[in-house]
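In what follows, a single structure is set out as structure tokens and then discussed.
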There are 2 protein chains.
Amino acid sequence: MMNHTNASQRLHEQLGTLIADTRPGDRLPSEPRLARELGVSRATLREAMRTFETQGMIRRQQGSGTYVTHPVHIIESGLEVLESIESMAQRIGLVVSMGKLAVEQRPPTAAEAQALQLEDGCQVLFLARVIHAEGRPVAYLIDTIPDHLLQTKDLDENFTGSALELLKNSLVLQSSRCEINAVTATSEVAKALGIQRGDVLLRFEATLYSMDGEIVDYSFSYFLPGVFRFHVVRKVE
Amino acid sequence: MMNHTNASQRLHEQLGTLIADTRPGDRLPSEPRLARELGVSRATLREAMRTFETQGMIRRQQGSGTYVTHPVHIIESGLEVLESIESMAQRIGLVVSMGKLAVEQRPPTAAEAQALQLEDGCQVLFLARVIHAEGRPVAYLIDTIPDHLLQTKDLDENFTGSALELLKNSLVLQSSRCEINAVTATSEVAKALGIQRGDVLLRFEATLYSMDGEIVDYSFSYFLPGVFRFHVVRKVE
DNA sequence: CAGTGGTCTAGACCACACG
DNA sequence: GTGTGGTCTAGACCACTGA
């Protein structure tokens, strides 16, 4: 076989069986050791591990080790209806919780001002938080909301991470325009989700409209592939 | 320099300005030379280049060089309606064409048989092709169709790459169920699209239903991020 | 043929986790 | 402190392109 991909493929298979043979929660051998045992360099091994990490089969924790993860139920959702992650998870009996939360009240960036169609001098409430399912980070959500609609003081200890639920309290919402793309994780997002910079993520960029046509929320949502299964029914013609 | 991300960020900025200052179509300095000039190793430089390649700003061609690409018009489409890429492109006045085409008539794999709900002994028509826009590969499409619906002989020289148009000729179609995910390119797909293995792609996995409820097509579509902008309107409640 | 990008190696230093 | 993963380096060999 001249095919030079066989080396990578073989390594991929070896890693796959190793992970399959390891009990969930257990730790894999360290990278230097595993690289030696498999006869490849650490860089190559890490590249091969990336796929499994992306699929959520292993979790790498700096300073501690690489662990085989417990399989996570897949969160499935149609995209036609806007739904919070909690709501999606609840439907399949999955427990989700909010991890790190960052709140800022500040002037909007140029992009935010444009997306929200804000006048000069307005401020926005900025929310960034990690969503966990079964103890693992699975999504990173960023919302930017005009501060005449929502302010820091409106966030109490009952805030679960869903900006949607929060806005529903004081507004009648209409719909969200959501752009879908595939991106690689920046350092910031990678850190929040416990993955590596450069790993692949599904990204939603959305603007939320209230019933009277006002833009009330501009958000970025980053989802771990493998945990979420989003679908849409597309009609012909 | 305490912040270790500053090195990467600075490199990213340097690369960005270099690309911006280079005329589209022109070649960048070679990797070894550029790495020397920027004071980083080739591996680090290549990692930094990956982002720009993903965004379609540069094109790397083995044995030849790295070129700054001409900006491509963005192909925008809503997902509610199933539409061929040609049709999408036509709306914005973009010329698309089919690149490499592979056709097979063979028994289905287990996954294909399950997705298409085929009985034993059936055969399928397998279509894989690259779609180009403005001379650049932008999508890789794979369709699997039961061979009682479509056969190799039905593909004439007028085949443009759209399985949808082909099926419309003989069937009344209803809708498509499309799962959306972010993936990294396999060697096969990377080669077809002229990107690197491991680069990020948007993937649609779809099953197409005819008006009488029969599954008539099972497909995977891989899209270059940056070229396509898919959106969906999500209603509240 | 020389030069390019694609891949891999061995080794190093760092920030971090955990005892 | 010790060992982990995260990152970077210098160098090598390969497949491929194009003169």
Carefully, step by step, assess B:Thr66 and B:Arg60 under the rule side-chain contact (heavy atoms from CB on, under 4.5 Å).
CA-CA 4 Å; B:Thr66 301; B:Arg60 302 156 97 168; 3.8 Å; yes

Specify the separation, in whole Å, of atom [atom1] of [X] and atom [atom2] of [N].
| X | N | atom1 | atom2 | value |
| --- | --- | --- | --- | --- |
| B:Ile195 | C:dG6 | CD1 | P | 11 Å |
| B:Arg33 | C:dG5 | CZ | C1' | 16 Å |
| B:Gln61 | D:dC16 | CD | P | 13 Å |
| B:Gln196 | C:dG5 | CD | C1' | 8 Å |
| A:Arg59 | D:dG5 | CZ | P | 12 Å |
| B:Asp199 | C:dT7 | CG | C1' | 14 Å |
| A:Gln62 | D:dT2 | CD | C1' | 15 Å |
| B:Leu38 | D:dC8 | CG | C1' | 15 Å |

Residues A:Asp154, A:Leu125; criterion side-chain contact (heavy atoms from CB on, under 4.5 Å); working and verdict:
CA-CA 10 Å; A:Asp154 298 324; A:Leu125 181 68; over 6 Å; no

Is it true that the side chains of B:Ser84 and B:Ser87 contain a donor and an acceptor less than 3.5 Å apart?
no

Can you find a side chain N or O atom of [X] that sits less than 4.0 Å from OP1 or OP2 on [N]?
| X | N | answer |
| --- | --- | --- |
| B:Arg60 | C:dG6 | yes |
| A:Arg27 | D:dG3 | no |
| B:Arg36 | D:dG11 | no |
| B:Thr66 | C:dG5 | yes |

Taking any heavy-atom pair under 4.0 Å as a contact, classify B:Gly194: base, sugar-phosphate, or nothing.
nothing

Sugar-phosphate only, base, or nothing, as touched by B:Gly198 at under 4.0 Å among non-hydrogen atoms:
nothing

With heavy-atom distances below 4.5 Å as the criterion, would you say the side chains of B:Lys100 and B:Pro137 are in contact?
no

Under a 4.0 Å heavy-atom cutoff, the residues of residues 40-49 of chain B touching DNA chain C are B:Arg42, B:Arg46

Drop me the distance from B:Phe52's CZ to B:Ile19's CD1, to the nearest 0.5 angstrom.
4.5 Å

Can you establish whether the number of heavy atoms outside A:Gln90 located under 6.0 Å from its atom CD is more than 12?
no

Check the angle between the aromatic planes of B:Phe220 and B:Tyr218 and answer parallel, tilted or perpendicular using the 30° and 60° thresholds.
perpendicular

Please figure out whether A:Gly63 or A:Gly39 has its closest DNA chain C nucleotide nearer the 5' end.
A:Gly39

